[in-house]
Every structure is written in C-alpha cells, then in structure tokens.
Amino acid sequence: MVILIRVPERDKHVSATAFFINIKNRAKIENMKLPIENRKYSNEITADDDGEHVSIAGWVHEKRDLGGVFFLIVRDREGFAQVTLHKKTIGKELFERAKKVPRESVVAIEGIVKSEQKAPNGYELIPEQMEVLSEASHVLPLDITGKVGAELDTRLDARFMDVRTERTKHIFIIRSRVLKTIRDFLDARGFIEINTPKIVSAATEGGTALFPITYFEREAFLNQSPQLYKQMLIASGFDSVFEIAPIFRAEEHDTTKHLNEASSVDVEVAFVSDKEVMKLLEALIASVYSKVALYPGLSKLNLQLEVPKVPFRRITYGEAIELILEAGEQIEWGEDLSTSAEHILGKTIGELYFITDWPRAIKPFYAQPTEGKDTCDAFDLMHPRLELASGSQRVHSYELLKENIESKGLSAKSFEFYLNAFRYGMPPHAGWGLGVERLLMSMLEIDNVREVVLFPRDRRRLVP
RNA sequence: GCCCGGGUGGUGUAGCGGCCUAUCAUUGAGCCCUGUCGAGGCUCGGACUCGGGUUCAAAUCCCGACCUGGGCGCCA
C-alpha cells in the first residue's frame with residue numbers, strides 16, 4: 001500500500017476545501033488499470049502544467065456534445081476539470097465511450113494537460129485513457145447542477161447526492177471547520193475533552209421528554225444532555241472540560257429549529273463564575289465567526305458574514321420583560337419567553353446578546369440562586385432569531401443541590417450517583433451548553449435546521 | 001398537540017368541474033452541429049398520492065387515510 005502525503009505548494013491554487021484541509025491520504029486501489037493513486041485534484045492542475053501527463057478521478061458532472069468536439073466536465077472534491085475530446089484526433093473507441101458515460105458516473109482519466117484560454121480553469125485535459133469505475137443509473141433522484149431546484153424533503157431522501165451540490169457540500173465543510181475551531185479554541189485554553197454516556201438510567205434534569213430504550217432486561221434512556229456527567233468530572237479535578245456530542249430529545253415538536261437528535265458543545269469550568277464562562281462563550285463564538293468568514297466556499301452560500309464584536313450586549317431577564325411589554329406583547333415576570341417574545345427581543349436588539357438573571361423557577365435545579373433574590377446566576381445566549389446556548393453558575397453545595405432537586409419535585413434518591421460527586425470535594429464551577437446546529441443555521445442564515453445536519457432526525461424522519 | 005397551506009412525469013412546476021389525448025423547464029433515449037462553460041437545434045419517452053363519495057362529466061368539488069410545507073405550543 002502506498003500512501004502519499006502532499007501539501008499544496010502554491011497558495012493561489014489552494015481551493016476552498018484545501019484552505020483547511022492540506023494533507024491528503026491516498027491509497028493504491030487494486031484491480032485498477034489507471035494509476036490513480038497519483039491522481040491530481042482539479043485545482044492542483046493549472047495552465048502552467050501544459051504538456052504534463054496527469055490522472056484525475058471524479059464524477060461526470062456534465063457532458064456537452066458539440067459534434068466534432070465533446071466536453072466532459074469531471075467534478076472532484078476540490079472543483080471541476082474539463083476534459084476535451086476532438087473527434088478527429090482522439091481514438092474512435094474512447095470518443096464513443098466518453099459520450100456514453102452516464103452523468104454522475106465515477107471515472108478516472110489519464111491524459112495530457114493543455115493550456116487553453118477558452119477552458120474554464122485555463123486548462124483542459126486531453127485524455128489518453130478513461131476508466132469507468134462506477135456507472136451511474138440514468139435517471140438521477142435530483143438535479144445537482146442547479147438548473148432545477150429540489151425541495152428539502154426530496155434532498156434529504158437522497159442526501160448522499162444532495163451533498164454533491166456545491167452549496168450543501170460547503171455547509172458541511174463549514175460544519176467540520178466550526179467543530180475544529182471549537183476544539184482548537186478550547187484545547188488552547190487547557191480544556192480536557194471528555195466523553196460521557198449517551199445511554200442513561202431514568203434520572204434526568206427534567207424539562208424535556210426522553211427516548212426510552214431497552215437495555216438488556218431494564219429500561220434505559222438516551223441522554224438529553226451531558227450536564228450531570230460533566231459536573232461530576234469537575235469533582236474529578238479536570239478543572240476545565242468539554243464535550244461535543246449528540247443529545248436526544250423526545251419532544252414531538254415540528255419546527256424549523258428543533259431536532260430529536262442534535263449536537264451540543266458542553267463546557268464546564270471549575271473555580272470560576274458564570275461571568276467568566278460568558279466571556280469564554282462570546283470569545284468562542286467570535287472565533288468561530290472569524291474562522292468561517294475566511295472560508296472561500298462561503299461565496300457559494302451568498303453570504304456576507306459579519307464577525308460579532310465582543311463583549312456581546314447583556315440584558316437581564318427583567319429588562320427583557322420590559323422590552324417585550326413595551327412592544328405590546330403580553331408577558332408576566334416569571335414566565336419563560338415565547339417564540340414571539342424572542343422575536344421581539346431579537347428585532348429590538350438586532351445582534352447577539354445575553355439574557356441574565358433568570359427567575360429560579362424556570363431554570364434547572366443546578367443553577368446557583370442569586371443571594372437574597374428570586375433569580376439565579378443563569379444566562380442564555382441569544383441570536384436575534386433563536387436561542388443558541390444556555391448556562392449558569394452551578395450549585396456546588398451538596399445540601400443546597402439536594403434541596404433544589406426536591407423542590408423541583410424530583411427524587412433525590414434517583415440522583416444519588418450525581419449528588420455523591422458533591423459530597424467529597426466539589427469546587428465552585430460554571431458552564432454552558434451550545435447547540436451546534438443552531439450556531440450554524442443562525443451564522444449561515446439558513447432557515448431550516450435540517451439543512452445543517454447530514455442525516456437529520458425529526459418527528460417523522462428516521463431514514464436515511 | 002393546535003391552526004393554516006400543499007401532494008401532477010426522475011426533479012421543479014402550470015392547470016383548480018367539460019376546452020386535459022394534462023403545460024412548461026430540466027433530466028432520459030436518439031439525431032444534427034469543432035469551443036462549450038445553465039451550449040444550441042430537432043425527434044421520441046415519461047405524471048394527476050391512495051380509498052370512498054358528489055356529478056351526465058373529477059387532476060379540479062366533498063370525506064377519510066397517508067405523505068408534506070409553514071406558524072404556534074412544548075422544548076434547547
């Protein structure tokens with residue numbers, strides 16, 4: 001097995017994708033006639049390579065038959081390469097075979113690079129050999145050239161094909177880069193990445209509905225969040241931990257911003273207060289925006305990304321209620337914010353902001369009560385369109401936590417595994433959970449959360 | 001869960017009681033064309049979600065089921 005690792009040499013030819021991914025890993029494929037282990041990506045070839053012998057491989061994106069000359073547009077991860085066949089100078093067998101390859105078939109082509117001003121990238125490939133590695137069926141489930149649109153439902157049914165489109169491909173490359181940026185950011189600040197169980201026993205922090213599953217002879221549930229576990233690891237002495245993992249909510253909601261399986265970035269930090277983790281959160285968001293703003297593939301999303309300035313605006317829950325009332329919407333102190341209330345605030349404020357000092361009653365038992373008030377040291381990070389994250393200073397006193405759990409009508413006994421961690425040395429700590437999909441959809445101005453998940457799970461969809 | 005929409009070739013649509021043997025685009029098959037880049041031109045193929053009802057007549061109206069888009073609720 002041969003593995004080649006290359007780094008693109010010339011910055012100007014580095015593609016949208018290679019902007020981030022500059023290491024390649026190619027293995028030789030057995031049973032192939034063409035030596036494609038040395039294949040080049042379409043963007044690695046330029047007019048300067050005139051006369052060079054190269055191999056490319058990819059999908060047949062389009063075919064343009066002009067009679068005496070035939071163009072085959074081959075698409076790979078990095079872009080498109082034009083393969084040009086002149087009837088008179090190319091072998092008849094190859095010419096006929098190229099014309100017959102169905103669109104979206106996977107081909108490997110070996111040939112000579114020709115500098116050509118009339119060609120899209122300034123070069124074209126004059127083929128000597130072509131191998132069809134996988135012939136595609138004739139009628140495609142979607143048009144991926146962008147001539148005819150497709151509804152989201154149709155696209156999700158054929159998601160593997162939908163990801164071949166430029167827009168969708170770049171959404172998921174951006175998603176990958178966002179997750180890497182988050183990891184790099186937290187890693188640089190001394191965080192330890194943890195993995196906590198997704199199959200849990202009944203005890204839950206409340207609020208949302210859980211998915212029951214069969215765990216051998218017992219009933220178990222899919223975890224709604226890593227909250228309890230990440231706090232327990234604070235007692236372990238890791239000081240700063242994070243997890244990026246799926247969370248499961250069995251709510252039968254049917255909206256453009258809810259999923260039954262979502263991804264969450266969860267952070268927990270010891271020896272700090274809610275104020276510090278808010279600063280961490282806004283710095284992280286700004287860092288993600290600035291990284292994505294530099295991504296060349298952003299142009300495929302028709303988006304001008306503005307990096308938000310830190311610090312974000314902070315308003316208290318009480319101030320939020322006043323703003324909502326001023327706008328003529330009914331709300332009482334103590335109520336959670338409705339969708340329309342969130343929209344009113346979003347419209348009024350018009351940028352990312354925090355809502356702080358929430359009433360104790362509408363925040364979970366682990367949020368630290370503010371001394372002498374009926375509020376707690378909890379915050380939500382809001383985008384004008386929707387909530388992105390929520391967090392708080394945590395209760396670290398065993399007694400208070402136990403009391404809080406019971407006052408919410410939950411059984412302290414079923415939380416014993418969690419409460420125990422507070423009995424033998426638990427530092428003060430604070431943290432938050434951030435919805436990955438919501439960050440992506442709000443940042444990229446995408447209306448439906450399903451667009452930013454490869455294979456979304458919602459009320460109705462379990463396949464693919 | 002509630003309230004509004006919608007289900008027509010592979011895809012996206014027009015038609016909304018008889019002019020429907022169903023429109024247009026794209027895709028597919030085939031033909032013409034030597035510089036395309038959403039190539040162009042010509043020929044052909046391909047659809048009314050399912051079940052019940054109303055009517056002389058249903059893609060079109062009514063009822064139900066299923067699927068689906070949006071708003072709200074729940075929730076993050």
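Chain identifiers are assigned alphabetically (A, B, ...) following the order of the sequence lines, protein sequences preceding nucleic acid strands; residue numbering begins at 1 within each chain.
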For a quick test of reading the model: is some side-chain N or O of [X] closer than 4.0 Å to OP1 or OP2 of [N]?
X	N	result
A:Asn448	B:rG70	yes
A:Lys147	B:rU27	yes
A:Arg64	B:rA39	yes
A:Arg103	B:rG28	yes
A:Thr255	B:rG70	no

For [X], answer base if it contacts any base atom (sugar-phosphate contacts may also be present), sugar-phosphate if it contacts only those atoms, and nothing otherwise; contact means non-hydrogen atoms under 4.0 Å.
X	value
A:Ser338	sugar-phosphate
A:Glu62	sugar-phosphate
A:Ala389	nothing
A:Thr154	sugar-phosphate
A:Asp254	base
A:Leu142	nothing
A:His138	sugar-phosphate
A:Pro120	base
A:Gly435	nothing

Original post:
CD of A:Gln82 versus C1' of B:rA39: gap in Å, rounded?
Top reply: 12 Å
Who does [N] pair with, Watson-Crick or G-U, both distances under 3.5 Å?
N	result
B:rC61	B:rG53
B:rC42	B:rG30
B:rC72	B:rG1

Original post:
Is any side-chain N or O of A:His86 under 3.5 Å from a base N or O of B:rG35, one able to act as donor and the other as acceptor?
Top reply: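 Result: at least one qualifying N/O pair found.
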What interatomic distance, in whole Å, is found between [atom1] of [M] and the corresponding atom of [N]?
N	M	atom1	answer
B:rA25	B:rG40	C1'	16 Å
B:rG9	B:rC48	P	7 Å
B:rG69	B:rU8	P	13 Å
B:rG45	B:rG35	P	32 Å
B:rC74	B:rA22	C1'	44 Å

Original post:
Can you list the steps and then say if A:Phe379 with A:Phe354 is a ring pair (Phe, Tyr, Trp, His ring centres under 6.0 Å)?
Top reply: CA-CA 6 Å; A:Phe379 59 87; A:Phe354 283 107; 5.7 Å; yes
**OP:** Return the orientation label for the A:Phe422 and A:Tyr418 ring planes: parallel under 30°, perpendicular over 60°, tilted otherwise.
**Re:** perpendicular
**OP:** Run the salt-bridge test on A:Glu282 and A:Arg314 with the 4.0 Å N-O cut-off and return the result as yes or no.
**Re:**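 A salt bridge links A:Glu282 with A:Arg314.
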Original post:
Do you know the tightest heavy-atom contact between A:Val269 and A:Ser240?
Top reply: CG1-OG, 3.7 Å
Can you tell which of [options] lies closest to the side chain of [X]?
X	options	answer
A:Glu124	B:rU27, B:rG35, B:rG69	B:rG35
A:His343	B:rU36, B:rA76, B:rC72	B:rC72
A:Val139	B:rG28, B:rC37, B:rG35	B:rG28
A:Glu251	B:rC75, B:rU11, B:rA39	B:rC75
A:Glu151	B:rU13, B:rG35, B:rA76	B:rU13
A:Glu252	B:rG1, B:rC74, B:rG12	B:rG1
A:Lys88	B:rC37, B:rA76, B:rU34	B:rU34
A:Glu116	B:rC74, B:rU11, B:rG35	B:rG35
A:Thr256	B:rG71, B:rG10, B:rA76	B:rG71
A:Arg460	B:rU68, B:rG38, B:rG73	B:rU68

Original post:
Backbone N or O of A:Thr196 within a donor-acceptor pair of the A:Lys198 side chain at under 3.5 Å?
Top reply: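 The answer is yes, because a donor-acceptor pair under 3.5 Å joins these two groups.
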Subject >> Donor + acceptor pair across side chains of A:Arg175, A:Ser263 (<3.5 Å) >> reply: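 Yes, A:Ser263 and A:Arg175 have a side-chain donor paired with an acceptor closer than 3.5 Å.
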